[in-house]
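Note sheet for the following structure.
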Amino acid sequence: MPELPEVETVVRGLRQSILGRKILSVWIGKSDFIDNPVALALLAGQQIESIERFGKFMLLRLASVEVASQSANVGTEESTSVLEANDASSVPASPAALLVHLGMTGQLGPSRADVPFDKHTHVSLTLDDGRELRYTDARRFGRMAYLTAGPLAQELACFGADPLEVSAAEFAARVRSRNTRIKALLLDQTVFRGVGNIYADESLWRAKIHPARVGTRINAKEAATLRRVLQHILNRAIIMRGSSISDFLDANGEPGEYQRHHRAYGREGKPCYRCRTPIRRVIVAGRSSYFCPKCQRAPRIRKHKRRQRS
DNA sequence: CTCGATCCCTGGACGC
DNA sequence: TGCGTCCAGGGATCGA
């Protein structure tokens, strides 16, 4: 399941393999995960100028290439939904970007054009070196959107701080300003962008903080520790090219290695690496949360709003 | 403001 | 072998 380290891994792979390539044509299969499928046609004729990560999103920034008429000689495949750069009437005015979210099972990477599509390949972009950039996603929990500068800025403005760049002061402020459980808080992309279920659990285990602790009751020292271990874990995971639980593959189709270093996630019933107490699993914020009941002390029962009279 | 429930979707695990 | 059932989960949405 792609979270920050996995997306970063894919982004780095794509930079190596497709940066600077021009997109010649666009093929779309199932499109229910694309904001505005028709707009994807505007990709044709544009160059991939930069590739960035924003939280769990990938951002392929595009530059229009001034070429008179594109007649992409890609042969005449089943042209049912092959969209080519047609008349220069639709040249984008402002710099645009392709926003990609991998959801649970999304994969994005270049492929030789003569390799048959995977069963769940839904988008294929023909590149000017003959390869194709393909998006494959069995569950289609991912998202793809072609956005011009304005809407893109609007989209990105909703997200919280990057956990790798946030200062200690801002981290603590964000954590301690929310009257919600720390697990839900870490998963909330408007608080911190890029943290998902695995790295939330791993960082809480390492910081010895129970997932049901309330943000406002996290003290300054705990917040500082949480930020430090979260950054450490994310950086380690990036070096290990992410966690491959079931589906994740990088842009080259290779799995990551960090799953071997998980201390809590997916370890229900297995002994805690610190104290040998069996790891437990509970549902917090609707998500499986793995923690050590001894190292991560449970908060006192939350007091519900008491009505003076009813 | 925060909560849980529900939906989206498919593959894999499991039981019979 | 082949069903049916349950589960995983990021995110949107909705009512409480």
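In the text below, chain A, chain B and the rest are named by the order of the sequence lines, each starting its count at 1. The figures here come from the full heavy-atom set of this structure, side chains too, leaving out hydrogens, waters and symmetry mates.
As judged by a 4.0 angstrom heavy-atom cut-off over every strand, Arg178(A) is placed among residues touching the sugar-phosphate backbone only. Within 4.0 Å (heavy atoms only), Thr105(A) reaches no atom of the nucleic acid at all. Among the atoms of the strands shown, only primed sugar atoms or phosphate atoms (P, OP1, OP2) are found under 4.0 Å from some heavy atom of Tyr265(A). At a threshold of 4.0 angstrom between heavy atoms, the contacts of Arg193(A) with the nucleic acid are absent.
Proximity of Thr180(A) to the phosphate of dC3(B): a side-chain N or O atom is located under 4.0 Å from OP1 or OP2. Of the side-chain N and O atoms in His120(A), none sit less than 4.0 angstrom from OP1 or OP2 of dC9(B). When the side-chain nitrogen and oxygen atoms of Lys30(A) are compared with OP1 and OP2 of dC9(B), none of them lie within a distance under 4.0 Å.
Rounded to whole Å, the distance from CG on Leu102(A) to P on dG9(C) is 17 Å. One can place CZ of Arg281(A) at 9 Å from C1' of dC7(C), the figure rounded to the nearest angstrom. Between the CD atom of Gln107(A) and the P atom of dT10(B) there is a distance of 16 Å, given to the nearest Å. Atom-to-atom, CD1 of Ile283(A) to P of dA5(B) comes out at 11 Å; the value is rounded to the nearest Å. Between Asn197(A) atom CG and dG11(C) atom P the separation is 11 Å, expressed in whole Å. Across the protein-nucleic acid pair, His101(A) atom NE2 and dC9(B) atom C1' stand 15 Å apart, rounded to whole Å. Here the P atom of nucleotide dT10(B) and the CZ atom of Arg140(A) are 5 Å apart, to the nearest Å. Across the protein-nucleic acid pair, Gln189(A) atom CD and dG10(C) atom P stand 9 Å apart, rounded to whole Å.
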- From CA spacing to verdict: salt bridge (charged side-chain N to carboxylate O under 4.0 Å, His left out), Arg213(A), Glu222(A): CA-CA 11 Å; Arg213(A) 290 275 304 280; Glu222(A) 289 173 320; 2.8 Å; yes
- Task: Show your reasoning for whether side-chain hydrogen bond (donor to acceptor under 3.5 Å, both in side chains) applies to Asp137(A) and Thr105(A).
- Result: CA-CA 5 Å; Asp137(A) 187 353; Thr105(A) 52; 2.5 Å; yes
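In this structure, Phe141(A) packs face-to-face on the six-membered ring of dG10(C), meeting both the 5.5 Å centre cutoff and the 30° plane limit.
The pair Arg61(A)-Glu49(A) fails the salt-bridge criterion, with no side-chain N (NZ, NE, NH1 or NH2) lying under 4.0 Å from an Asp/Glu carboxylate O. Asp129(A) and Arg131(A) are joined by a salt bridge, as a carboxylate oxygen and a charged side-chain nitrogen come within less than 4.0 angstrom of each other. Salt bridge absent: Arg263(A) and Glu202(A) never bring a charged side-chain N and a carboxylate O closer than 4.0 Å.
Of the candidates dT10(B), dG10(C), dA8(C), the closest approach to any side-chain atom of Ala138(A) belongs to dT10(B). With dT2(B), dT10(B), dC9(B) as the choices, the nucleotide that has an atom nearest any side-chain atom of Asp32(A) turns out to be dC9(B). The Lys119(A) side chain lies nearest to dG11(B) when the options are dG11(B), dC3(B), dG10(C). With distances taken from any side-chain atom of Arg181(A) to the nucleotides dG4(B), dG11(C), dA8(C), the minimum falls on dG4(B).
In this structure, Phe192(A) has its ring center closer than 6.0 angstrom to the ring center of Phe171(A).
On a pure distance criterion of 3.5 Å, a polar donor-acceptor pair joins the side chain of Arg287(A) and the base of dG11(C).
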